[in-house]
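Reviewing the structure listed below.
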Protein chains: 2
Amino acid sequence: MRLTTRGRYAVTAMLDLALHSEKRPVSVAEISERQTISLSYLEQLFASLRKAGLVDSVRGPGGGYRLVGTTDLICVADIIKAVNESIDSTNCGGKGDCQGGSICLTHNLWDDLGRQIAGFLSGISLADLVAKRDVQTIANRQVDQLLTLEDNNVRAKAC
Amino acid sequence: MRLTTRGRYAVTAMLDLALHSEKRPVSVAEISERQTISLSYLEQLFASLRKAGLVDSVRGPGGGYRLVGTTDLICVADIIKAVNESIDSTNCGGKGDCQGGSICLTHNLWDDLGRQIAGFLSGISLADLVAKRDVQTIANRQVDQLLTLEDNNVRAKAC
DNA sequence: AAGTACTTGACTATTTTAGTAGGGTATTAG
DNA sequence: CTAATACCCTACTAAAATAGTCAAGTACTT
């Protein structure tokens, strides 16, 4: 399988959404600040997430993205699949033509590994992550950091 | 984690070694032919495998590589670690400085995933793989293909 | 009406991967 | 002894993937 910052950022962004979208939709700019992820890069990821039907968007002032459905229905595997194509671990993409049209010596091993990972990531929902204490601690820290940052900016402008 | 052909080739080569090193050491050229992997590329992988102490080498005619220890003592995780650095899935390499010195929102998730994969791959030894029926079937096919190939070459030369 | 925020597509620098090339050096069969 | 065999090592390179930028839109709401 292919786990890059692309997939990691997507899960992080979705978790941010789950943590902050109680009342209003969350703008990409907010997520970009809180999670320190490039804004334009996030936009690309959300385009994929929207295509996959995991989020929907509200345009105009006060708009942003919202999760489709409740947090217990969206699992980590879905998010990674949405932006990363597949969790497959074989070289041949599961087709089994790894060695000149036939199966290679280790094909089934990688196939098993893929299933294992998929099973693990399918068993974890956004609700599970939100419920974790460390996630909440980190989320609070991120909000605090942002507030003091804005505070400093206001003071800087006042000078 | 980072699973590329590098790691896959290494496991395939080690399995080939396990299957064919009953009497003599196995040369890289043999493995290259049987598994259709570039010879020079294989040599690089074996340099890493040797450094990790998974194989030792016999030089000169009739030489080649041999496994160090029995097949039940070498697991897939060891082989991948030997050529691929780590099975870690976090972006920060497990250091926990993913977001400006602090931990990022999803760090622990990737950490858990890494442990999961490491556990799975540590539980599979070369002996386990050799014992599988499909592996033996594929190995036989590979030997047959090579024999008919050599046969054709001999005939071609005779013409 | 105007600003906010999403949408789209093209473009680029960097890194990693996979593989090549070409020179060695040690060993041993004959 | 010597020539063939097979390991050993370093540097290089083409291609792909990744991460991110830039710019010009369009839709919507206050």
Side-chain angles (χ1 to χ4, degrees), chain A residues 1-13 17 20-21 24-33 35-52 54-66 68 80 83-86 88 91-93 98 104, chain B residues 1-13 17 20-21 24-33 35-52 54-68 80 83-86 88 91-93 98-99 104:
Chain A
M1 92 141 176
R2 194 190 316 165
L3 182 58
T4 60
T5 49
R6 192 175 164 79
R8 276 189 286 256
Y9 280 174
V11 175
T12 303
L17 222 56
H20 298 102
S21 65
R24 340 178 118 268
V26 182
S27 75
V28 178
E30 269 182 79
I31 302 178
S32 167
E33 276 192 306
Q35 308 302 334
T36 46
I37 302 174
S38 145
L39 192 143
S40 307
Y41 197 44
L42 265 180
E43 283 177 342
Q44 283 177 37
L45 298 182
F46 270 102
S48 299
L49 293 171
R50 210 174 71 95
K51 251 180 224 161
L54 295 178
V55 298
D56 64 359
S57 57
V58 179
R59 292 187 144 195
Y65 286 97
R66 270 180 320 204
V68 170
I80 292 182
V83 299
N84 236 4
E85 293 172 7
S86 88
D88 183 64
N91 199 15
C92 55
C98 351
C104 78
Chain B
M1 93 143 175
R2 194 190 316 165
L3 182 57
T4 60
T5 51
R6 190 175 165 80
R8 277 189 285 256
Y9 280 174
V11 175
T12 303
L17 222 55
H20 297 103
S21 64
R24 338 177 120 270
V26 182
S27 74
V28 178
E30 270 182 79
I31 302 178
S32 167
E33 276 191 306
Q35 308 303 334
T36 45
I37 301 175
S38 144
L39 192 143
S40 307
Y41 197 45
L42 264 181
E43 282 179 339
Q44 287 176 36
L45 298 181
F46 270 103
S48 300
L49 293 171
R50 211 172 71 95
K51 251 181 226 161
L54 296 178
V55 297
D56 64 358
S57 58
V58 180
R59 291 186 146 196
Y65 286 99
R66 270 179 319 205
L67 296 178
V68 170
I80 293 182
V83 300
N84 237 5
E85 292 171 4
S86 87
D88 183 64
N91 199 18
C92 55
C98 354
Q99 192 179 22
C104 78

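Convention: sequence-line order gives letters A, B, ...; per-chain numbering from 1. What you see below is based on every heavy atom in this structure, not just the backbone, and it leaves out hydrogens, waters and symmetry mates. Just so we're clear, the structure is a prediction, and the values are computed from it rather than from any experiment.
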Handout entry: Closest non-hydrogen atom pair between B/Asp88 and B/Gly93, with its separation
Key =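 The answer is OD2-CA, 3.3 Å.
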
Exercise for the section: Please report the shortest heavy-atom distance between A/Asn84 and A/Leu3, naming the atom on each side. Expected result: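 Where A/Asn84 meets A/Leu3 most closely, the heavy atoms are ND2-CA, 4.2 Å.
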
Handout entry: Under-4.0 Å side-chain N/O to phosphate OP1/OP2 contact, A/Ser57 with C/dT7
Key =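 For C/dT7, OP1 or OP2 has a side-chain N or O of A/Ser57 closer than 4.0 Å.
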
Spacing between [X] atom [atom1] and [N] atom [atom2], to the nearest angstrom:
X       : N      : atom1 : atom2 : result
A/Arg50 : C/dT8  : CZ    : C1'   : 11 Å
A/Tyr65 : C/dT4  : OH    : P     : 18 Å
B/Asp56 : D/dC8  : CG    : C1'   : 15 Å
B/Arg66 : D/dA6  : CZ    : P     : 15 Å
A/Leu42 : D/dT21 : CG    : C1'   : 14 Å
B/Arg59 : D/dC9  : CZ    : C1'   : 10 Å
B/Leu45 : D/dC7  : CG    : P     : 14 Å

Handout entry: A/Tyr65 and A/Phe46 aromatic ring geometry - parallel, tilted or perpendicular at 30°/60° bounds
Key =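 Geometry flag for A/Tyr65 against A/Phe46: parallel rings.
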
Problem - Single hit among A/Asp56, A/Val55, A/Val68 for side chain to side chain contact (heavy atoms under 4.5 Å, CB included) with A/Leu49 - result: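 The single option meeting the side chain to side chain contact (heavy atoms under 4.5 Å, CB included) with A/Leu49 is A/Val55.
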
Practice task
May I ask you to decide if A/Val28's main-chain N or O and A/Ser32's side chain share a donor-acceptor pair within less than 3.5 Å?
Solution key: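 It does not hold such a pair.
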
Exercise for the section: Tell me, with the steps shown, if A/Ser48 and A/Val83 meet side-chain contact (heavy atoms from CB on, under 4.5 Å). Expected result: CA-CA 6 Å; A/Ser48 299; A/Val83 299; 3.9 Å; yes

Polar pairs (N or O, both sides) under 3.5 Å between protein and nucleotides 15-22 of chain C?
| from | atom 1 | to | atom 2 | distance (Å) |
| --- | --- | --- | --- | --- |
| C/dA18 | OP1 | B/Thr5 | N | 2.9 |
| C/dA18 | OP1 | B/Thr5 | OG1 | 2.3 |
| C/dA18 | OP2 | B/Thr4 | OG1 | 3.2 |
| C/dA18 | OP2 | B/Thr5 | OG1 | 2.9 |
| C/dA18 | OP2 | B/Arg6 | N | 3.1 |
| C/dA18 | O5' | B/Thr5 | OG1 | 2.8 |
| C/dT20 | OP2 | B/Ser38 | OG | 3.0 |
| C/dT20 | O4 | B/Gln44 | NE2 | 2.5 |

Practice task
Please tell me which of the listed nucleotides, C/dT7, D/dT5, D/dT29, lies nearest to the side chain of A/Pro61?
Solution key: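 Of the candidates, D/dT29 comes closest.
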
